[in-house]
Amino acid sequence: MNDTFDARVIATFGRHLLVREASGKELKARPFGRGLTVVCGDNVKCRIDPRHDEVHVLELIPRRTALYRSNVRGVTEPVVANLSQLLVVLAPNPVPDLFVVDRYLAAAASGGIAGTLIVNKTELGIGDELRTQLDVFTAAGYRWIPCSVRAGEGIEALLDVCAGQVAALVGQSGVGKSSLVHYLIPNAEVEIGELVREEEGRHTTTASKLFDLPRGGHLIDSPGVRDFAPAIDRLDSRSLGFVEVERLAPGCRFADCRHMREPGCAVQAATHSGDMNPRRYESYRRLRRLHEELTAARGPERGRR
Ligand SMILES: Nc1nc2c(ncn2[C@@H]2O[C@H](COP(=O)(O)OP(=O)(O)O)[C@@H](O)[C@H]2O)c(=O)[nH]1
Ligand SMILES: [Mg+2]
Ligand SMILES: [Zn+2]
C-alpha cells in the first residue's frame, strides 16, 4: 500500500472521476469496486495501477459534511461532500417559494453547512413584500446578499462569501444559478465539456465539478444540488434544521417535544408572542409532518438518529 496517495474528487460524470492530488496535478480516475460511491468534494485514497495506467480510488476518507438528497426512488444519497456554504438563490421573479428556501436552509443546518441567501436580479427592484420576508430570515440569523448578474452588482460580495469555503448554489429554476456560475467561472462550460466527451456513448446526464474561485475557495456546480429534495432522514430530529427551533427547544417542557401540540412548548409560545415568524413555523410543521410520514413508512429499524 506504499504507493497510495490522497486526492480530492473534483469532478464526477457517472463513474468517471477527475481527482486532484496534493501537488495540484489532476488525474482521471475511477472507483475500484462496485460498492464505493464517491461524489464531488470527497477526499479519497488512490493508487495507480501500473499495468493499465489507471488511477483507482480505493477508499473514501470520512466526510466532514455532505448534502444529502432524496433520489427519485426516495432513497437518501449524497450529492456533494465537504461543503461548507450553501448559497440559496432567490429573485424578485420567479415569485419565490419560501417553503423551498426553508427546506434548503434546513438541510444545510442539519448537515453542519452554513446557509446564505443570494437575492439575484436586484435591478428589477425588491418589493416591500419580499423585503419583509428577507427581514424574517435576517431575524432568524441568515445573511442575504443582493446581486444582479445583469447589472454586474454584488458579485464582489458573493466572491467574498465563497473565499475559503466550498460552496454550492441552489434554488428554484429561473432565479439565475447558471448565469451566476458562468459569471463567476467564465470557462465553466468548456471544462465540463471535456468530461462529457469521456463518457460518450453512455446515457449519463449529470456532471458535477468543483471550480476554483478567483478569490480563493471553491464552487461546486452540480445539477443534483440545484434540483434536490432534502433527505428527510438526515434532518436534525429535534429542530429539523430550523435555527429558531434549535434556539427555542431547550425551553420546551419535554426534551422530546416535536413542537406541534405538546403542552409547555417554547416554540409554539414564541409563535404566539411573535418571536418566531408564523410562516416559518408553518413551514416547520409541514416538514415535521412529512418527516413523521416517512419515518412511519420506513419502520423503526431503519430510522436514523
Ligand atoms: N433581470 C435579470 N435576469 C437575470 C439575471 N440573472 C439571470 N437572469 C435571467 O434569468 C433567466 C434564468 O437564468 P438561469 O441562469 O438559467 O437560471 P437557473 O434556472 O437558476 O439556472 C435567464 O433568462 C437569465 O438571463 C439578472 O441579474 N437580472
Ligand atoms: Mg440553470
Ligand atoms: Zn416544543
Side-chain angles (χ1 to χ4, degrees), residues 79-80 86-97 100-101 104 116-127 130 144-159 167-186 188-189 192-193 205-209 211 219-228 235-273 275-278 280-285 287-289 291-292:
V79 192
V80 292
L86 193 70
L87 305 172
V88 185
V89 187
L90 60 158
N93 98 64
V95 174
D97 183 339
V100 172
V101 173
Y104 279 125
T116 301
L117 299 180
I118 307 297
V119 182
N120 188 32
K121 312 193 190 183
T122 51
E123 92 286 352
L124 299 176
I126 299 175
L130 178 55
W144 64 273
I145 297 172
C147 78
S148 166
V149 174
R150 187 140 309 164
E153 276 169 21
I155 305 296
E156 301 290 311
L158 190 48
L159 285 174
L169 296 166
V170 298
Q172 276 166 269
S173 181
V175 293
K177 298 178 298 295
S178 301
S179 308
L180 283 163
V181 170
H182 292 145
Y183 197 98
L184 296 170
I185 306 135
E189 256 169 342
I192 285 192
T205 50
T206 53
S208 298
K209 180 98 208 276
F211 296 99
L219 186 68
I220 295 181
D221 189 30
S222 162
V225 176
R226 291 185 201 173
D227 303 328
F228 101 130
L235 295 173
D236 176 80
S237 62
R238 187 151 89 159
S239 69
L240 303 184
F242 277 68
V243 291
E244 308 95 315
V245 176
E246 203 172 303
R247 279 196 297 269
L248 291 162
C252 295
R253 186 179 304 164
F254 303 113
D256 62 351
C257 186
R258 288 145 52 254
H259 326 299
M260 296 293 272
R261 292 194 181 283
E262 291 85 348
C265 172
V267 177
Q268 291 172 72
T271 306
H272 289 129
S273 72
D275 287 345
M276 174 151 183
N277 177 260
R280 285 273 294 171
Y281 180 59
E282 175 55 26
S283 187
Y284 167 84
R285 290 177 65 91
L287 198 55
R288 173 62 72 184
R289 283 192 286 264
H291 186 267
E292 287 177 357

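Worth saying up front: this structure is predicted, and the values here are computed from it rather than measured. Note that ligands are numbered from 1 as they come in the structure, with each ligand's atoms numbered from 1 the same way.
The existence of a salt bridge linking R238 and E246 is excluded, since no basic side-chain nitrogen approaches an acidic carboxylate oxygen closer than 4.0 Å. Taking the charged nitrogens against the carboxylate oxygens, R289 and E282 do have a contact shorter than 4.0 Å, which makes a salt bridge.
In terms of protein heavy-atom proximity, atom 10 (O) of ligand 1 is closest to K121 NZ, 3.1 Å. Among protein heavy atoms, atom 27 (O) of ligand 1 sits closest to V149 N, 2.9 Å. Closest to atom 16 (O) of ligand 1, if we only count protein heavy atoms, is S178 CB, 4.2 Å. Ranking the protein heavy atoms by distance from atom 17 (O) of ligand 1 puts G176 N, 3.0 Å first. For atom 24 (C) of ligand 1, the nearest non-hydrogen atom of the protein is S179 OG, 3.8 Å.
Here L180 has no heavy atoms under 4.0 Å from ligand 1, in either its backbone or its side chain.
Take the Zn ion (ligand 3) as the corner point: the lines to ND1 of H259 and to SG of C257 open at 100°, to the nearest 10 degrees. The angle C252:SG - the Zn ion (ligand 3) - C265:SG amounts to 110°, with values rounded to 10 degrees.
Not one N, O or S atom of S173 sits under 2.8 Å from the Mg ion (ligand 2).
Checked against a 3.5 angstrom limit, the closest N/O atoms of G174 and ligand 1 fall inside it. Below 3.5 Å of separation, one finds no N or O of L124 facing any N or O of ligand 1.
You'll find the side chain of K209 stays beyond 4.5 Å of the side chain of L219, heavy atoms only. At a threshold of 4.5 Å between non-hydrogen side-chain atoms, the residues L235 and L287 count as touching. Here the side chains of W144 and I118 are not in contact, with every heavy-atom distance at 4.5 Å or above. Looking at heavy atoms from C-beta onward, V225 lies out of side-chain contact with I220 at the 4.5 angstrom threshold.
Between the side chain of R285 and the backbone N or O of M260, at least one donor-acceptor pair lies under 3.5 Å.
Closer than 4.0 Å to atom 6 (N) of ligand 1 lies at least one heavy atom of the protein. Atom 22 (C) of ligand 1 is not flagged as protein-proximal [any protein heavy atom, distance under 4.0 Å].
Close contacts between ligand 1 and E123 involve ligand atoms 1 (N), 2 (C), 26 (C), 27 (O), 28 (N) [criterion: under 4.0 Å to a heavy atom]. The S173 neighbourhood of ligand 1 comprises atoms 19 (O), with distances under 4.0 Å to a heavy atom of that residue.
Taking all atoms of both residues into account, the shortest heavy-atom contact from L169 to V181 is CD1-CG2, 3.6 Å.
Proximity annotation for atom 3 (N) of ligand 1: of K177, R150, H182, R150 comes nearest, heavy atoms only.
The aromatic rings of F228 and Y104 lie parallel to each other, with less than 30° between the two planes, well short of the 60° mark.
The structure places CG of N120 at 12.0 Å from CD1 of I145, a figure rounded to the nearest 0.5 Å.
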